[in-house]
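The structure under discussion appears below in the form of structure tokens.
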2 protein chains.
Amino acid sequence: MNTTSRNTTSAHGTRTPAVKAAATRNRILAAAARTLSLKGYSATRLSDIAERAGVRPPAVYYYFPSREELIAEVMAVGQLRLREHVETALAALPDDTPPMDRICAAVEAHLQVELHLSDFATAVSRNSGQLPEDIRARLRADSGAYFDLWRDLLARARAAGAIRNDIDLRAARMLVMGALNWTPEWWNPRQGSLTGVIRTAQSLVRHGLGVP
Amino acid sequence: MNTTSRNTTSAHGTRTPAVKAAATRNRILAAAARTLSLKGYSATRLSDIAERAGVRPPAVYYYFPSREELIAEVMAVGQLRLREHVETALAALPDDTPPMDRICAAVEAHLQVELHLSDFATAVSRNSGQLPEDIRARLRADSGAYFDLWRDLLARARAAGAIRNDIDLRAARMLVMGALNWTPEWWNPRQGSLTGVIRTAQSLVRHGLGVP
DNA sequence: TTTTGAATCTAATCTAGATTCATAAATCGC
DNA sequence: GCGATTTATGAATCTAGATTAGATTCAAAA
């Protein structure tokens with residue numbers, strides 16, 4: 001359940017260094033995120049995760065009830081981070097920002113988390129289609145919220161007359177998210193800068209959806 | 001190796017109906033393609049495939065040396081069909097078709113195979129990122145050819161001045177292919193027609209890349 | 001010092017699936 | 001119809017990996 005609560009304080013309220021020890025849990029979680037983002041769900045062994053975290057496989061069970069649970073948590077964190085990062089970026093914009101600019105800001109934020117900031121987010125977009133129904137169901141609420149965010153972004157733009165009429169909003173939204181979600185499959189910092197990709201993506205979306 | 005060659009001819013060159021029997025092989029292959037396209041690599045059990053093909057798991061081994069080999073063949077077929085379908089569509093266009101129209105034709109053809117015509121193609125785009133390095137290596141030649149096709153399409157359009165200068169060709173190509181490849185994750189015949197998706201995708205690409 | 005509980009390990013267990021194999025059923029050439 | 005060959009099966013076997021059990025380390029508290 002709660003991410004960081006073992007006995008953080010003794011009976012008298014003095015701090016117990018057990019706080020520090022729980023860093024291991026985070027190492028394991030991060031190792032899982034990275035492994036998932038690199039190898040994908042099917043190829044991710046518990047032993048790979050353990051090794052990357054510098055620990056033996058059974059130690060994982062001290063912190064997580066099962067491999068499945070661990071992976072589910074990675075996904076939940078990733079989905080949340082992605083949404084929060086994009087929401088934060090949008091919230092930082094002036095109130096009178098034109099709707100199409102807001103969309104472009106979301107494109108940028110999405111690509112930044114995905115490609116640069118968070119293995120968790122990458123793990124989500126690379127694996128969400130491969131997860132057992134079980135885990136997928138638990139993600140549904142969170143991923144739904146993210147979809148809603150984009151739906152809203154497009155709906156406002158359309159309402160403001162900033163999106164052409166030949167564009168079907170649902171299809172457009174999914175096509176754009178597809179383009180973004182696919183990036184981890186091909187993008188590599190060594191060939192082409194992140195900002196280059198972001199610029200092209202923004203231009204593609206702006207002109208692809210917008211009125212001439 | 002060769003897809004359909006058991007004893008198709010007897011010693012004297014007379015046709016042996018064993019040809020017909022090898023339909024089982026195709027059923028198994030098709031069952032594998034469909035299962036892969038629906039459940040993804042990690043969740044695809046040999047027993048699922050066998051069941052869908054109406055056969056017991058060991059029977060698969062009569063036609064394929066291993067599960068891995070079977071899956072590799074599905075992928076190879078899928079990659080090939082995808083490319084051939086798109087190539088055929090392009091070849092059918094008049095020689096003087098403007099480059100951007102050619103790109104739109106490719107978009108349409110790609111989506112048609114992917115979403116409507118072939119489980120094999122769907123299997124490829126849904127799973128290519130999850131495959132063991134082993135199989136992936138064998139696909140490389142074929143998928144490379146498909147990428148080349150698109151690279152060429154975009155290069156010609158740029159040469160003809162039909163693509164804006166702020167567009168990075170490699171990034172654009174991958175973003176577009178991402179949008180297309182992601183469609184099997186969300187598209188469903190029951191919500192929205194295929195032609196609707198195709199139209200939106202074409203418009204997105206045409207205006208997204210093209211000069212105003 | 002002794003005690004305790006958290007954190008981790010090694011070694012063993014358990015299980016889902018893939019694969020093998022010896023044989024049954026179907027089919028074929030005659 | 002009848003052996004030979006092709007096709008498919010049920011009943012093992014084998015193995016990778018997840019999971020459990022129990023022992024061990026170690027830091028801090030008593």
Side-chain angles (χ1 to χ4, degrees), chain A residues 4-29 31-32 35-36 39-74 131-132 134-135, chain B residues 4-29 31-32 35-36 39-74 131-132 134-135:
Chain A
T4 50
S5 71
R6 212 152 291 273
N7 60 340
T8 60
T9 54
S10 77
H12 307 302
T14 56
R15 298 198 152 275
T16 302
V19 171
K20 190 64 172 303
T24 303
R25 186 180 200 276
N26 289 331
R27 258 189 301 126
I28 293 174
L29 203 59
T35 307
L36 281 167
K39 317 221 288 176
Y41 181 77
S42 51
T44 295
R45 310 268 159 268
L46 193 61
S47 53
D48 299 330
I49 297 174
E51 185 174 10
R52 185 180 293 275
V55 100
R56 296 314 153 108
V60 170
Y61 289 86
Y62 185 75
Y63 298 98
F64 301 89
S66 71
R67 170 194 131 107
E68 175 137 330
E69 209 62 28
L70 166 57
I71 290 179
E73 185 166 331
V74 168
L131 300 174
D134 188 2
I135 298 184
Chain B
T4 50
S5 71
R6 210 153 290 273
N7 60 340
T8 61
T9 55
S10 75
H12 306 301
T14 55
R15 298 197 152 276
T16 301
V19 171
K20 191 65 173 304
T24 304
R25 186 179 200 277
N26 289 330
R27 258 189 302 128
I28 294 174
L29 203 58
T35 308
L36 282 167
K39 320 222 286 177
Y41 182 77
S42 52
T44 294
R45 311 269 158 268
L46 192 62
S47 54
D48 299 332
I49 297 174
E51 185 174 12
R52 185 181 295 277
V55 101
R56 296 319 152 105
V60 171
Y61 289 86
Y62 185 74
Y63 297 98
F64 301 89
S66 70
R67 170 194 131 106
E68 175 136 329
E69 209 61 28
L70 166 57
I71 291 180
E73 186 167 331
V74 168
L131 300 174
D134 188 1
I135 298 184

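Because the structure is a prediction, the values reported are computed rather than measured. Chain naming here is simple, since letters A, B, ... match the order of the sequence lines and numbering starts at 1 in each.
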Rounded distance in Å - CG (A:Leu70) to C1' (D:dA18):
12 Å
Does C:dT10 have OP1 or OP2 sitting under 4.0 Å from an N or O in the side chain of A:Arg56?
yes
When rounded to whole Å, the CG to P distance for the pair A:Asp48 and D:dA16 reads 14 Å
To the nearest angstrom, how far is A:Ile71 atom CD1 from D:dT19 atom C1'?
14 Å
Starting from C1' on C:dC9, measure out to CD on A:Glu51 and report it in whole angstrom.
16 Å
Using a cut-off of 4.0 Å on non-hydrogen atoms, how would the nucleic acid contact of B:Ala59 be classed: base, sugar-phosphate, or nothing?
base
Heavy atoms only: give me the nearest B:Tyr63-B:Ile28 pair and the separation to one decimal.
CD1-CD1, 3.8 Å
Establish, for the pair A:Arg25 and A:Tyr61, whether the NZ or CZ atom is under 6.0 angstrom from the six-membered ring centre and no further than 45 degrees off its axis.
no
Got a list of protein N/O to nucleotides 19-23 of chain C N/O distances below 3.5 Å?
| residue | atom | partner | partner atom | Å |
| --- | --- | --- | --- | --- |
| C:dT19 | OP2 | B:Tyr61 | OH | 2.3 |
| C:dT19 | OP2 | B:Arg67 | N | 2.9 |
| C:dT19 | O5' | B:Tyr61 | OH | 2.9 |

Hits for side-chain hydrogen bond (donor to acceptor under 3.5 Å, both in side chains) against A:Glu69, two or more places apart or cross-chain, chain-then-number order -> A:Arg138
Answer yes or no: is there a side-chain heavy-atom contact under 4.5 Å between B:Leu29 and B:Phe64?
yes
Using only side-chain N and O atoms of A:Tyr62, determine if any of them is under 4.0 Å from OP1 or OP2 of C:dA7.
yes
Within this structure, what is the CZ-to-P distance between A:Phe64 and C:dA7, rounded to whole angstrom?
13 Å
For the residue pair A:Leu36 and A:Tyr41, what are the closest heavy atoms and their distance?
CD2-CA, 3.9 Å
Any salt bridge (Lys or Arg N to Asp or Glu O under 4.0 Å) involving residues 39-65 of chain B? Give me the pairs, sequence neighbours left out, ordered by first then second residue.
B:Lys39-B:Asp48
